[in-house]
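A short write-up of the structure that comes next.
Chain letters run A, B, ... following the sequence lines, proteins first, then strands; residues in each count from 1.
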Number of protein chains: 2
Amino acid sequence: MVLNKTENVKCNEDIERERKKCSFDPLELTHLLDGSPEKTRERKEREHYFLSDPELRDTIPQDYLSHKEKYEEAVRKACILFRKVTQLRDKGGDLEIFRQTLSGMLGSAILKDGNPFTLHYVMFLPTIVGQGTVEQQAEWMGKAWNCDIIGTYAQTELGHGTFIRGLETTAHYDPRTQEFILNSPTLTSYKWWPGGLGQTANYAVVVAQLHTKGVCHGINPFIVQLRDEETHKPLPGIKIGEIGTKLGMNATNNGYLGFENVRIPREHMLMKNAQVLEDGTYVKSPSDKLTYGTMMFVRVIILQDMAGYLSKASTIAIRYSAVRRQSELKPGEPEPQIMDYLTQQYKLFPNLAACFALRFNAIWLWNMYNNVTAELEDGDLDRLPELHALSCCLKAVCTADAAQGVEICRLSCGGHGYMTCSSMPSIYGLVTAACTYEGENTVMLLQTARYLMKAWQQAVGGMAMTPTVAYLKLAVSGNNNPQYWENSTVCIIRAYQQVAAGKIKMCAENMDRRIRGGISPEDAWNMTSIELAQCAEAHARAIIVDKFVESVVELNVSSALKTVLRQLSELYAVYWLLQKSGDFLMYSDVSARDIPSLQNWLEVLLSQIRPNAVGVVDGFDICDEILSSALGSYDGRVYERLFEEVSKSPLNKQSVNVSFQKYLKPFLKASL
Amino acid sequence: MVLNKTENVKCNEDIERERKKCSFDPLELTHLLDGSPEKTRERKEREHYFLSDPELRDTIPQDYLSHKEKYEEAVRKACILFRKVTQLRDKGGDLEIFRQTLSGMLGSAILKDGNPFTLHYVMFLPTIVGQGTVEQQAEWMGKAWNCDIIGTYAQTELGHGTFIRGLETTAHYDPRTQEFILNSPTLTSYKWWPGGLGQTANYAVVVAQLHTKGVCHGINPFIVQLRDEETHKPLPGIKIGEIGTKLGMNATNNGYLGFENVRIPREHMLMKNAQVLEDGTYVKSPSDKLTYGTMMFVRVIILQDMAGYLSKASTIAIRYSAVRRQSELKPGEPEPQIMDYLTQQYKLFPNLAACFALRFNAIWLWNMYNNVTAELEDGDLDRLPELHALSCCLKAVCTADAAQGVEICRLSCGGHGYMTCSSMPSIYGLVTAACTYEGENTVMLLQTARYLMKAWQQAVGGMAMTPTVAYLKLAVSGNNNPQYWENSTVCIIRAYQQVAAGKIKMCAENMDRRIRGGISPEDAWNMTSIELAQCAEAHARAIIVDKFVESVVELNVSSALKTVLRQLSELYAVYWLLQKSGDFLMYSDVSARDIPSLQNWLEVLLSQIRPNAVGVVDGFDICDEILSSALGSYDGRVYERLFEEVSKSPLNKQSVNVSFQKYLKPFLKASL
């Protein structure tokens, strides 16, 4: 077993003292987060199964390797990893293994800089399932599932990301040979970014503009073989490679791909939805909405991952802040633990609270997703727009907050957070990427804003409102006389909704005014878009606070644990209110005289959370191998671990580097 | 000559069109920023002298190298670089050459991941000058200046950064041999972080606790030889190495250093201030304040560097936003340049404005620094606390804003900003480091807050106020009746000062209340510290806006250029007002009904700046070699350059990577 809490670990004394003063049982929190004690046991067994394998460990930390070496190590480890996954699956394990090994926790502990196989499992396989006919599934699923072939998903192009209708890759149907001919007509039409595409995958689902009988029918998916299965050489007409180094995820092997008259059989077009018949006749898809499902599923996963990454960063920063001592509060007294500085608590604890905010909202969105999917199967599409709007704004706000939160945690560790052995830089690399992929955040917010503008019209028109925008009703009915304010979550949640409603209303009015003034709706939309993005953010914050508070209230846990979680939910709500105090003064019952008492409430909550902070991150139960941080390990032996880490640097293996004789000595002796 | 604007460069059409609609002459801006046409010419000549040297260019972009290779390349290039610098100097060049080659512009273009020699020039040499006696300068300056030896500056320890009184390294004086004995009594006492310390330097100025005659006299600087001058082997008792990979600056060779009974001659203690006599008698320094000078000088340099880095990021993001086309504003129309989206302008232009805000404030602080230094030499210390307080809060706010600004610019480039060939990740690595080094930002803000609390007491006591806090007078005299608000910089500057004064006053009252309630002043300080840091930030913002607006007003330039700079200064002022609208509603003449018109002013300014945005960044005149970005080059040939960049990846040199035969093929064929 991988155990954090072995009997014989000698812990740092400060962190031991923190654990003694904790008012709740961190194990109860662990069980809550896993779902049950049984699930905790299963998770830890699974972690042990992978993490105890010496072949999956680094001999030299990968940060010291060259880009090429990093990739080769990643392929080596990915092969071992998925061999083990397959073995578990064949022994009757569930599909959750894939989720875990591809995730931000276990997965990124083994392949710290990304996994070149991820898109095979996350996109290639699901696309065949989702968009292939029964015959196509029969042909391709077995091969893909058994890893006889390895695939990726090639949609984004060098010049086209957000706007998929603008994709340029073409697939022309040739009825004579019953083949499609793929081409990349321009530089900007090259596929760019797909993970595993560079040197790894030998197949891809390629999204291209379908042309048949002289007509373009828009984008459709095609299975394309990229490399010879025996030699791995690129097939004729395939121009392929990787796109080079990045801020993070340097082992994902993101690639580019161009086509020059590449012919594929007609049967390689995935035809569950649209079809091309032998003679080239195009048969339209019955509905487009069906593809929404995958997109929304991915966004739920992103929320979960963000919660995980922020939990890692919080664990590292809080444990380090318990161990690190610096400066003086009172002359002559010993240097205090830096966590005793209120300014440090102000950096750490709102982000600790955000871990739970993100997690509980991910669960809530997941449940809603399942409900709506069930309704969909009964032909009921009513709640799809609401779900789509929610998934967009929550994706945007949660990834942006998580990225900012990870950086605040990193900076709270001072210079040591800048070292890669803190793990903070790589966590940031993973989190900030999510601000861009799967829907760029500003684009996401504006999609939600479009829904909110419609919802506002419905509210004004007196129509029935779906639950998450029901608060607009109150704003329409002119709830204008300020209500009595008290520092309670009831008042705060109402205030968040007032802010969202106020901003939505203002956007609707600004749009209206502009259109009435003769501006086209499209231009009016662009001119109002700063405020539109902000109203979508306000909507997301109202949802997040509401669902966080509600989830904590409904929990069936000990009162000791519940108290801590309630404090965290209140801290989250008050923190973001004060961050956006201008909006609350403009649109809610909060008045200028309430701000000092809210600031006081914030400070009281920080001091209440202080003694339990280490206990809460212990409750996350992220084992040292997954944390992979010299600053954050369970035993708090920060300085010893930093020395262990630097001893791994290849530069430190020799007392004199070769550059001394080659360059430095001639330079230093030049003037003598 | 390095020329951006050669006749025969074929530019992207969109960016050419941008240049045609520019309403001012970018060259006038370039001359303004350099100081004169003559200085522009000199700068470009110097850039050419270094950048045209093929030996200083990378064959393979360093991001592809291993950590060890990166270091060896950096030493090679640093030797060539400083040989060229020495040649220039010997031909009569001024010391500005050092400044340029060590700076964020030219310096970081050649040594993109940091320079292992920097601390030799920036800290080792100046410390000998500043803290050595005349005899010591005579002995060491020649050697250091001619690079017979190469030094670094070792102050920070593994467990001690901010609080230098807490340093643990000891230097015990032994009168028998007239030597100091250096020791590292604990793990946390190891020196940690000094640049060049790992494998490069053979000498260091080491800061240690001086013990003599059984008494500890606090920290003092000592010159210590670390490595043999011939073999470069560490001397006996010296435990030395590098600290490993980091978020950025991986070629600076930051190191650690421990001592085990290392003996150095008495004369190696730098004795310009304190002294130890032969018999071990300690002679105190006449004044501590003299060391403030260097610290403040470094902070001015940091401000200048932040302006430079943000200018690079803005140039890249704005040129890319002129070239990139995406989505649709109106159905059926071509995809617009992304700079035409108001939300994109909202990301780019406030940061463009910040480039000037930082630059003008750096100049202003530099002038003040020189004035105060001149006064100092006349024995007048009056304005030193004010200067110190300003340098602290400006350092904190400017580094934090620059870091956030660079990230906003990076994210505004979508996925392509995540690629290292955009240069955005390395710019961020350099900028975010400055949030921590030379005074951690929260510590900096609290130092300013301490000054502001005293200033408030002086204002309340009716004393004369120094210029930068004179606005407190108004707040004391109870300027409580709100004045008429109009959208003008006069009103805005007053509002910024009202906010700062309001927050300073509130902090003073909260401190007072707590102390009157029986809380010790130290605990009251900690309990008020969130608000204290915020009041220092508000003070900094009031200064920055005021000096930015004032500097533009005073400029002697064409009205075309002045208009653009005025728009940028107004945008900066309005943007930060709206970012902090809660504070303005609480403490200034701004009322809720003014917010929509301020938002409107912001939007008008964005649209006014839009046609000149490319012209402004052209005016920065950062040549392609310094920008080093596929997204930001002068010709706007983004996609062509991205392909050129990826062709340099070693992984793309072979059609099949070795990992296929070794790992992937056995894995894929396992189930067959």
Side-chain angles (χ1 to χ4, degrees), chain A residues 63-68 72 75-76 79 146-147 158 162-163 166 187-188 199 232-233 241-247 326-327 329-330 335 342-343 346 414-415 418-420 425 436 442 522 526 529-530 533 581-582 585-586 592 639 646 649-652 655-657 659-660 663-664 667-668 671, chain B residues 63-68 72 75-76 79 146-147 158 161-163 166 187-188 199 232-233 241-247 326-327 329-330 335 342-343 346 414-415 418-420 425 436 442 522 526 529-530 533 581-582 585-586 592 639 646 649-652 655-657 659-660 663-664 667 671:
Chain A
D63 294 314
Y64 293 105
L65 305 181
S66 73
H67 182 62
K68 190 159 173 283
E72 289 158 8
V75 173
R76 184 186 71 77
C79 290
N146 291 327
C147 291
L158 184 53
T162 295
F163 186 64
L187 205 59
T188 47
Q199 278 72 25
H232 211 55
K233 288 217 169 111
E242 66 123 12
I243 63 167
T245 50
K246 291 156 295 162
L247 190 153
Q326 197 74 180
S327 297
L329 276 169
K330 294 186 185 174
E335 296 186 68
L342 192 68
T343 48
Y346 184 62
Y418 196 74
M419 290 193 283
T420 51
T436 307
T442 304
E522 294 85 2
N526 191 27
S529 57
I530 294 171
S581 60
L585 292 171
M586 291 277 289
Y639 301 114
V646 302
S649 165
L651 270 173
N652 289 337
S655 64
V656 178
N657 180 263
S659 63
F660 175 71
Y663 312 120
L664 196 54
F667 175 72
L668 294 177
S671 69
Chain B
D63 294 315
Y64 293 105
L65 305 182
S66 73
H67 182 61
K68 190 159 172 285
E72 288 157 7
V75 173
R76 184 185 71 77
C79 289
N146 291 326
C147 291
L158 185 53
T162 294
F163 185 63
L187 203 60
T188 47
Q199 278 72 26
H232 212 56
K233 287 212 171 119
E242 66 121 14
I243 63 166
T245 50
K246 291 156 295 161
L247 191 153
Q326 198 73 181
S327 298
L329 275 169
K330 296 187 183 173
E335 297 185 67
L342 192 68
T343 49
Y346 184 62
Y418 196 74
M419 290 193 283
T420 51
T436 306
T442 304
E522 293 85 2
N526 191 26
S529 58
I530 295 172
S581 60
L585 292 172
M586 291 277 290
Y639 301 114
V646 303
S649 165
L651 269 172
N652 290 337
S655 65
V656 179
N657 179 262
S659 64
F660 175 70
Y663 312 121
L664 195 54
F667 174 72
S671 70

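Residues B:Thr245 and A:Thr420 bring a donor and an acceptor atom of their side chains to less than 3.5 Å of each other. Checking B:Glu72 against A:Asn657 by side-chain atom types alone, a donor-acceptor pair falls below 3.5 Å.
Highest contact tally toward chain B, considering only A:Leu664, A:Asn652, A:Leu65, is held by A:Asn652 [criterion: heavy-atom pairs under 4.5 Å]. When A:Ala592, A:Gly414, A:Pro650, A:Gly415 are compared by the number of non-hydrogen pairs under 4.5 Å with chain B, A:Gly415 comes out ahead. Among the candidates B:Glu335, B:Arg76, B:Met586, the residue making the largest number of heavy-atom pairs closer than 4.5 Å to chain A is B:Arg76. Top candidate by heavy-atom pairs under 4.5 Å with chain A, chosen from B:Thr162, B:Leu158, B:Val656, is B:Leu158. Note: B:Ser327 leads B:Pro425, B:Ser327, B:Ala533 in heavy-atom pairs under 4.5 Å with chain A. Between chain A and the residues B:Gly582, B:Gly244, B:Ser649, the most heavy-atom pairs under 4.5 angstrom are made by B:Gly582. Among B:Tyr639, B:Tyr663, B:Tyr418, the residue making the largest number of heavy-atom pairs under 4.5 Å with chain A is B:Tyr418.
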Can you check side-chain contact (heavy atoms from CB on, under 4.5 Å) on B:Val646 and A:Glu242, steps first, answer last? CA-CA 7 Å; B:Val646 303; A:Glu242 66 123 12; over 6 Å; no
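To the nearest 0.5 angstrom, A:Thr442 atom OG1 is 11.5 Å from B:Leu342 atom CG. One finds the OG atom of A:Ser659 at 8.0 Å from the CD atom of B:Gln199 (value rounded to the nearest 0.5 Å). Atom NZ of A:Lys330 sits about 6.5 Å away from atom CD of B:Glu522, to the nearest 0.5 Å. Taking CZ of A:Phe660 as the start and NZ of B:Lys233 as the end, the distance is 11.0 Å to the nearest 0.5 Å. Atom OG of A:Ser581 is separated from atom CG of B:Leu585 by 8.0 Å, given to the nearest 0.5 angstrom. Atom CG of B:Asp63 sits about 12.0 Å away from atom OG of A:Ser66, to the nearest 0.5 Å.
A:His67 and B:Tyr64 have perpendicular rings, their planes meeting at more than 60° on a 0 to 90° scale where under 30° would count as parallel.
For chain B, the nearby parts of A:Ser529 are the backbone and the side chain; heavy atoms of each come within less than 4.5 Å. Of the atoms belonging to A:Ile530, heavy atoms from both backbone and side chain fall under 4.5 Å from chain B.
Proximity of a side-chain donor or acceptor of A:Gln326 to a complementary backbone N or O of B:Gly161 within less than 3.5 Å is detected.
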